[in-house]
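Encoded as structure tokens, the structure appears first; notes follow it.
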Amino acid sequence: MDYTFTEIERKWQKIWQERRIAKAQDFSEKPKYYVLSMFPYPSGVLHIGHASNYAIGDAITRLKLMEGYNVLQPMGYDSFGMPAENYAITHNSHPRITTEEHIVNMRQQFDGMGFFLDWEREVSTCRPDYYHWGQYIFKKMYEQGLVYRKKSFQNWCETCKTVLANEQVEDDCCWRCGSEVIQKEMDQWYFRITDYAEELLDFSHVIEWPERVMTMQKYWIGKSEGARIDFTLENSSQKIPIFTTRPDTIFGVTFMALPPEHPLVQTWLAQEPDNAELQSFCKKVMNEDKLLRSSAESLKEGVFSGRYAINPLNGAKVQIWITNYVLMDYGTGAVMAVPAHDQRDFDFARKYDIPIQIVIQNLDKSLKLEELTEAYIEPGIICNSAHFDDQDSEAAQGEITRWVQEKGWGEATITYRLRDWGISRQRYWGNPIPMIHCPKCGIVPVPDEDLPVLLPDEVQVGQTTSNPLLSVPDWLNVKCPVCGEDAQRETDTMDTFVDSSWYYARYADAHNQDLPFDPAKAEYWLPVDQYIGGIEHACMHLLYARFIYKFMRDMGWVKGNEPFARLLTQGMVLKDGAKMSKSKGNTVDPQYIVDRFGSDTLRVYLLFASPPEKDVEWNDEALMGAFRFLSRTYRLIKGNLTAIQQGLQVREESEELSPKPVAQDAVPAESAPVAQDAVPAEDLHSSKESAKLSPELKNLRFSTHHCIQRWREDSLIRMQYNTAIAAVMEHLNHCTALKSTEDLNPAELSIYAQACSIIPQLLYPFAPHIAEELWQMMGHPNLLHESGLPIYEEKYLAQDTVTYVIQVNGKIRGKLEVAPDTAAGVLQELALKVENVIRALEGFELKKIIVIPGKMVSIAAKPQN
RNA sequence: GCGAAAGUGGCGGAACUGGCAGACGCGCUGGACUUAGGAUCCAGUAGGUUCACUCCUAUAGGGGUUCAAGUCCCCUCUUUCGCACCA
């Protein structure tokens, strides 16, 4: 009678594999449903976060299968990247070897979890058959003008000879060797994601995304409307364009602020090697940690450049300052400073004694320069601004911009906070950028027929201090495909986010050898109907993937505008209030849990703990609760198997007498509750035997249908698996409450069997192994994914009596058990006769009585004088 | 600092359009049972009050709307997350 989970889970995993039930059919007649969980980095072990993510995906998958969809749930590995390279270095091995070993281990653990995954579509981004097409996409983007090279300042470690990401800089020093990190101007490859900024702000084509993620992306893209206005360098024709969102304050400009990286400043630095103040300030600022420098707390500093700019609107001559608070890569990299109406400019002007000019007055015109303690940033009335005086400042923005445009000094423009995506990495373990540097022809793409550019194996990882690819002459040195002369390959590899921004499309056609994927197959499968992953990717992976999808759409490879129709951001599993991590030593190994209690227990625990998008605190004892629930289920059905089988037999016989429900070919809809395994026919209910039903059995029948109703609502529509499971638990409690099945008549047996037999179906999405086992035990020849969704019938939900709550002035004073069709007037009368109600009304005068049908009688009364 | 979300028993969480607050599970208390098992079964479990019936107080705190508020509105506090000189 023991719940032998290990045996059961192995058995069903074997059967599922042998029958290849998870293989998704391209172009099936059935409607498709594509469920995708973010693929893992192959660390070698599944962690609890994976288990939780994939438990959700698997629940959705199995629900959709029961509903009659052709479901695709694929899996793969995000296997390029620094963690793999670093792992290989520390283990004195090669990332290709360690990665493939890890994949073997992970696959074993995936199999042990029993997920419904179409492994025939597996992808691994570090394999040539995948990264080939990443290179192809790169080239197509290059041809479309979406890829370019740009010099920009990067964190650079002189010892390691590599660019470091911001996270790899600790206290201005290299995380690996500890030497000082400097800002170095370097050529980098960029994707022109900003071309799509406007479109990426538009979420009208997704079906259901969390508001939070959309807000985060919108903020990240940071659209601001304003104007570009060209100031000029004094005694020169050199223009200095600035970007401002406040053209209404332009008459208040008293200085101009430039960052050291500004091209003009760079020129001046070159011209004045002896200007110690200028040289040392610029050097200091440029070598400052990027994060530190851009933090709002750091003090504003600057030096006067000795030069002046001319404000085109009033011809005013203003000082040009070189400062640490202006960013080169936003807007035009130059700021018109209006200290009176911008707090940053105000702070700076006060510190360096720069004049301040008020050009916007508050409504009572009480702003005085001498009394100003902070910038006045609100709208108001224009002053000191020539012919714009006395206008409303907000209205003046448009007026001034129009005037600037007419005069040819600038134009209305839009700027985004979003930067182009720098994809160059000076790392070995990534997708090689398929470009060749030819001394004669410049930068030349590798011809399509030479793709993929294979990542050489012979690299001695960790042996060199620079990009390992530079040290492989056989790979590095090539002939230029255009002129045939000696040339060199690009040694940068791509950011791994490039690999993951199109993998969902590769799953549609994972083995295509001629294209990234067949557009027809992509059209069938895409978009992903339900995507599941962590919120940490809100502004990275999810934004990049949307961008690349739009590019692929423009190429005609995919249809529609968005890759992910619905997004679910699952919460983290915490322990001791913190994210699990090896360094904190607070991890829980899912494999250990599976070995001890089974995959079904782990899944039920994770899904039952909270709604999927919330974080959960790991709790060993609650895990036992899940285990006990499954054990109880197993005992109930195994212990009452004879009665259940007899009851199911009665049902079959009665169905033969009555018209069968119309066979359903995959009617996937949240609307119609229809399925193949229908509830017993009507005549059972209306027969004479039904009249003899004990209240106990009537309640059990109610529980059966009520449970199905709740389960469907919670799991299919609301995706609240915790309450769906709670509904099953409650129903199980009702089933076990019936102590003996010995005296049941055939009709009652049928009801009992029905009550028990829905349990495996309802459990299937959350605990599929035990569900299949119990289903088979009852004698069903099919597997559960073919069993259809359980259905409920309204007529069994009708109760003989309803309970009305009686409130007096909002407080409960009694209850009434009445027939459901009792008239409101009768209810009022009955309510007023309840003893408690009479007592509560003593000394009160009736005001009115409200009857809420099926729910309550609410009496409003006021004290008698 | 700006923005967003959230605050419900000892704990995880229910309560969908305002209509019996605390479903379900964990834990705890008492009991039964014994194949002594990460058992199982039964009863109880927001706080206070009462022998009991009853009653009172409770959804971060304070106001408000309503016959009726965890749910709607206003203010305050706390927590979490995101952004953080974006001109």
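The figures here come from the full heavy-atom set of this structure, side chains too, leaving out hydrogens, waters and symmetry mates.
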Touch class at under 4.0 angstrom, heavy-atom based, for Asp345(A) against every strand present: nothing
From Phe608(A) atom CZ to Phe766(A) atom CZ, the distance as rounded to the nearest 0.5 Å: 11.5 Å
Interatomic distance at C1', C81(B) relative to C28(B), whole Å: 34 Å
Beyond-backbone contact of Thr801(A) with Val818(A), side-chain heavy atoms, under 4.5 angstrom: no
Range-with-range stems for RNA chain B, at least three Watson-Crick or G-U pairs under 3.5 Å: B:1-7 with B:77-83, B:10-12 with B:24-26, B:27-32 with B:40-45, B:46-48 with B:55-57, B:60-64 with B:72-76
N-O pairing of Arg228(A) and Asp230(A) below 4.0 Å: yes
Sugar-phosphate, base or nothing in reach of Ala860(A), heavy atoms under 4.0 Å: sugar-phosphate
Separation of the C1' atoms in A43(B) and C11(B), to the nearest angstrom: 22 Å
Distance-only side-chain donor-acceptor flag, Gln397(A) / Asp248(A), under 3.5 Å: yes
Of the listed nucleotides C26(B), G19(B), C24(B), the one nearest the side chain of Gln807(A): G19(B)
Nearest-Å distance for atom pair CH2/P, residues Trp220(A) and C81(B): 17 Å
Nucleotide A23(B), atom C1' - distance to CZ of Phe629(A) in whole Å: 15 Å
Distance below 4.0 Å between Arg417(A) side-chain N/O and A84(B) OP1 or OP2: yes
Under 4.0 angstrom between Asn733(A) side-chain N/O and G25(B) OP1 or OP2: yes
Please write out each protein N/O paired with an N/O of nucleotides 35-45 of chain B under 3.5 Å, distance rounded to 0.1 Å.
from	atom 1	to	atom 2	distance (Å)
G38(B)	O6	Arg596(A)	NH1	2.3
U40(B)	O3'	Arg635(A)	NH2	3.4

Under-4.0 Å side-chain N/O to phosphate OP1/OP2 contact, Lys855(A) with C67(B): no
Between His341(A) and Thr249(A): side-chain donor-acceptor atoms closer than 3.5 Å: no
Sugar-phosphate only, base, or nothing, as touched by Ile852(A) at under 4.0 Å among non-hydrogen atoms: base
No-hydrogen, no-angle side-chain donor-acceptor test under 3.5 Å, Thr723(A) and Asp714(A): yes
Distance between C1' atoms of G62(B) and C83(B) (Å, rounded): 32 Å
Residue pairs, two or more places apart or on separate chains, that pass salt bridge (charged side-chain N to carboxylate O under 4.0 Å, His left out) and touch residues 324-343 of chain A: Asp329(A)-Arg419(A), Asp342(A)-Arg344(A)
With Thr803(A) via side-chain contact (heavy atoms from CB on, under 4.5 Å) - residues at least two apart: Lys815(A), Glu817(A)
Touch class at under 4.0 angstrom, heavy-atom based, for Asp615(A) against every strand present: sugar-phosphate
Contact under 4.0 Å: Thr803(A) side-chain N or O vs C20(B) OP1/OP2: no
No-hydrogen, no-angle side-chain donor-acceptor test under 3.5 Å, Ser631(A) and Arg635(A): no
Residues which pass side chain to side chain donor-acceptor pair (under 3.5 Å) with Asn619(A), listed by chain and number, not counting sequence neighbours: none
Test item: side-chain donor near acceptor, Trp321(A) and Gln319(A), under 3.5 Å: yes
C55(B) phosphate, OP1 or OP2, under 4.0 Å from Asn836(A) side-chain N/O: yes
Short side-chain N/O contact from Asn722(A) to OP1 or OP2 of A14(B), under 4.0 Å: yes
Glycosidic conformation of G9(B), taking syn as within 90° of 0 and anti otherwise: syn
C1' gap between A6(B) and A60(B), integer Å: 11 Å
Pair Ser224(A), Tyr330(A): side-chain N/O donor-acceptor within cut-off below 3.5 Å: yes
N/O (side chain, Arg712(A)) to phosphate O (OP1/OP2, C16(B)) under 4.0 Å: no
Span that lies between the C1' atom of A68(B) and that of G30(B), in whole angstrom: 39 Å
Gap in Å between the two P atoms, one belonging to U79(B) and one to C26(B), rounded: 33 Å
Side-chain N or O of Arg813(A) closer than 4.0 Å to phosphate OP1/OP2 of C67(B): no
Check: Glu301(A)/Tyr325(A) side-chain N/O donor and acceptor closer than 3.5 Å: no
Contact letters for nucleotides 2-8 of chain B, in which S counts primed atoms plus P, OP1 and OP2 and B counts the base, heavy atoms under 4.0 Å: -------
Glu621(A) side chain, from C-beta outward: closest of A21(B), U54(B), G27(B): G27(B)
